[in-house]
Number of protein chains: 2
Amino acid sequence: MGKITMADVAEKAGVSKSTVSQFLNKRYHYMREDTRTRIEEAIKELNYQPNYLARSLKQKRTSTVGIIVGNIMHRFSTEVSRAVEDYFIQHDVHTIVCNADNNPEKEKKYIEMLRAKQVDGLIIFPTAPNLDIYQQLIRENYPVVFMDRKLSGLKAPLVASENNEATWSAIQHFIDQGHERIAIVTEPLTISTRLERRDGYKQALEENGIEIKPDFLVSAEIKQIQQELEKLFAIESPPTAILAGNDLLLIEVLKFAKEKNLKIGEAFALIVFDNIPFAHLVDPPVTTIKQSSYLMGERAAELLLKQINNQKIEALEMRFPCELIIRDSSKRLK
Amino acid sequence: MGKITMADVAEKAGVSKSTVSQFLNKRYHYMREDTRTRIEEAIKELNYQPNYLARSLKQKRTSTVGIIVGNIMHRFSTEVSRAVEDYFIQHDVHTIVCNADNNPEKEKKYIEMLRAKQVDGLIIFPTAPNLDIYQQLIRENYPVVFMDRKLSGLKAPLVASENNEATWSAIQHFIDQGHERIAIVTEPLTISTRLERRDGYKQALEENGIEIKPDFLVSAEIKQIQQELEKLFAIESPPTAILAGNDLLLIEVLKFAKEKNLKIGEAFALIVFDNIPFAHLVDPPVTTIKQSSYLMGERAAELLLKQINNQKIEALEMRFPCELIIRDSSKRLK
DNA sequence: CCCATTTACTAAATCGATTTAGTGAACCGG
DNA sequence: CCGGTTCACTAAATCGATTTAGTAAATGGG
């Protein structure tokens, strides 16, 4: 026997497909009590499961959204997507998570795939090369929310951290602890997040009258980081403090320190941008800049749902503050 | 203007929908060269994107599979799902990843949702209470592969690690290092994986003529682990070696050690089951039991695709060996 | 040059739901 | 008891593709 459809249920219950459909949509006032129970029983007996494809095709609504994260390996992405999922499940909307691996080609493929599947909206961690695709989405009035990264000229809601301010406080904290030779390590400056963090770094130094040394601005792909750190510590007076731009960079810095036998908190102080689940467990515990990932995910989801329901959206850019969690790694050096 | 459909393309190109459909399916021999280019141009000009819902409804095939992981917070789950996705993308199949949070209710919801969406098959990290649902899937001949955990009586392919053997070697390694008081910490013994690991532990001790002390078999929910460890170290002669059953338990053990000022490698030796990205970066580096997560994911995907294509499957149970990566945390105590 | 085959298409049915317009019977107020 | 309303449904169109059967024109062999 093939798959059970609504027609089978209708026949078994002795009613028309229309009535079964009304039943499934809980519009019970359309039928008598006994009809309702007959349909109920037929469904149970046949173990009928509705076909969402057919339903979605007719309704032009899939009750599904997509989220395309930059790189699922970052804790931040995981936490955001978890929040988005939690929010939508409460509104009977399913979430499909896709990992673009920070690869514009892959991202483009996923956007096309999700739209072909007719998802009702998208949350995107955007990459610059796909700007025209985003413009197209917006032109079509397709519900979309951007996350974490700002692309100029995009007239769509953005949810991001106060990267500049957060980095500023971290650097100010270093300075308060007596540091003057402070380095910042980021991935290549291709997205706004990294630029904003670098700007916060520069501002803090300038305000304190500390010269900005180009050598202390390290930006490279993860794979290149080891040799860049090598260079950084080969100069005449190497940094006494390092800000690592995200969790994956932390791993690299820790690896470098281990290999070179540089003790964190003694050879140099350390702060990381991002939520690191084991930050308080390593020795010494690492000072972190915690983003409000969960709140940001919720907010993005809410903004997306509003668009899907054709509601107006008040502000286009929502910035969330970060929290500096001070631990031993950023204390004054021994 | 509403959404562009195949009818719009057909009209613009001056052909019928059927021909456009043939074009989309690359059956070019059905049309003349110039018709083909006319359709090509119409599609480009209108920026037409096919609707997968309609296509899937007709074809009774979505070219999409689902994977329901036990808990996405485990590194193992992430690596497996990544492998599954990589495999399927090469075969033009999309993968939807769902996180059941080790919650049978949630898992059930996801299975229903994915089936309603008509996915072509499922890879599941199963939980015991949903046994009847799995039996139902198998009875319906629905393509399914189980991962990581074995439920007896399920006549469906299983891909899992050699948990027993791997744990055996880890414990044997402890014994070789002179340990006799060895504890094993796992989450509750509700799934086969944990039972198999416990059995491997027992076997190794028995073979070496070491008495099995119930106190050394710690099983509890993550939230309860701290107090259980407290008890474990309160007994007259506490363990000198601990095997942590997975990555989340490692975090708990490290946290406990930190709080109690017990130094790993001095107060007790440590081995963890699972791939831990920062295992070699903590002090001392932690010995791990590495599962072949990527290979397992690939294999599961392959087995699922075979079922989807109605091919025979040779063996029902595939076990993958683990690798013991020895680092300082499991050396003889100082 | 005629009939058969091939070429290059098209019309219409179909997938499994939703939804709108419509229908017959019961009810009901005046 | 008669016209209007309500009740409890049903028939049929529809969503946007795929696919099968069919057709008109061109080709080609004898």
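As a basis for the values below, the full set of heavy atoms in this structure was taken, side chains included, without hydrogen atoms, waters or symmetry mates. Only a predicted model underlies this, so the values are computations on that prediction, with no experimental measurement involved. All chains are named by letter (A, B, ...) in the order of the sequence lines, taking the proteins before the strands, and each is independently numbered beginning at 1.
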Lys44(B) and Glu41(B) ion-paired at < 4.0 Å: no
Distance check needed: dA21(C) P versus Gln22(A) CD, whole Å only. 14 Å
Could you give the CD-to-C1' distance, from Gln118(B) to dA17(C), as a whole number of Å? 11 Å
Between the side chains of Glu317(A) and Arg319(A), is the shortest nitrogen-to-carboxylate-oxygen separation below 4.0 Å, so that they form an ion pair? yes
Could you give all pairs that pass the ring-ring contact (aromatic ring centres under 6.0 Å, His included) test and reach residues 18-40 of chain A, with sequence neighbours left out? Phe23(A)-Tyr28(A)
When the aromatic ring centroids of Phe146(A) and Phe125(A) are compared, is their separation below 6.0 Å? no
Looking at Lys12(A) and Asp8(A), is there a salt bridge between them, counting it only when a charged N and a carboxylate O are closer than 4.0 Å? no
Check the pair Thr95(B), Glu85(B) against side-chain hydrogen bond (donor to acceptor under 3.5 Å, both in side chains), reporting the backbone distance first and the verdict last. CA-CA 6 Å; Thr95(B) 306; Glu85(B) 228 177 313; 5.9 Å; no
Flag the pair Val65(A) / Phe88(A) as yes when at least one side-chain heavy-atom distance between them is below 4.5 Å, and no otherwise. yes
Whole-Å gap separating P (dG16(C)) and NZ (Lys60(A)): 20 Å
Donor/acceptor link under 3.5 angstrom from Ser18(B) side chain onto base of dA11(C): yes
I'd like to know if Ser56(B) reaches the base of dA17(D) with its side chain such that a donor and an acceptor end up less than 3.5 angstrom apart. no
Taking atom P of dT18(C) as reference, at what distance in whole Å does atom NZ of Lys26(A) sit? 12 Å
When rounded to whole Å, the CG to C1' distance for the pair Leu53(B) and dC15(D) reads 10 Å
Phosphate OP1/OP2 of dT19(D) contacted by Arg27(B) side-chain N/O (<4.0 Å): yes
Between dT10(D), dA17(D), dC15(D), which nucleotide has the shortest distance from any of its atoms to the side chain of Arg55(B)? dA17(D)
If you only use heavy atoms from C-beta on, which nucleotide in dT10(C), dT14(C), dC9(D) is closest to the side chain of Lys58(B)? dT14(C)
In short, the helix from dC1(C)-dG30(D) to dG30(C)-dC1(D) is bent end to end, axes from five pairs each side, to 10°, by 50°
Proximity to DNA chain C (any heavy atom under 4.0 Å), residues of residues 32-41 of chain B only: Arg32(B), Thr35(B)
How do Leu24(A) and Gln59(B) order along DNA chain C: which one's closest nucleotide is nearer the 5' end? Gln59(B)
When you check the phosphate oxygens OP1 and OP2 of dG16(D), does a side-chain N or O of Thr5(B) lie under 4.0 Å from one of them? no
Quick one: does Met113(A)'s side chain get under 4.5 Å of Tyr110(A)'s, heavy atoms only? yes
Between P on dT7(C) and OH on Tyr30(B), what's the gap in Å once rounded to a whole number? 12 Å
Option from Ile67(B), Ile111(B), Val69(B) for which side-chain contact (heavy atoms from CB on, under 4.5 Å) with Ile124(B) holds: Ile111(B)
Does dC15(C) have OP1 or OP2 sitting under 4.0 Å from an N or O in the side chain of Asn51(A)? no
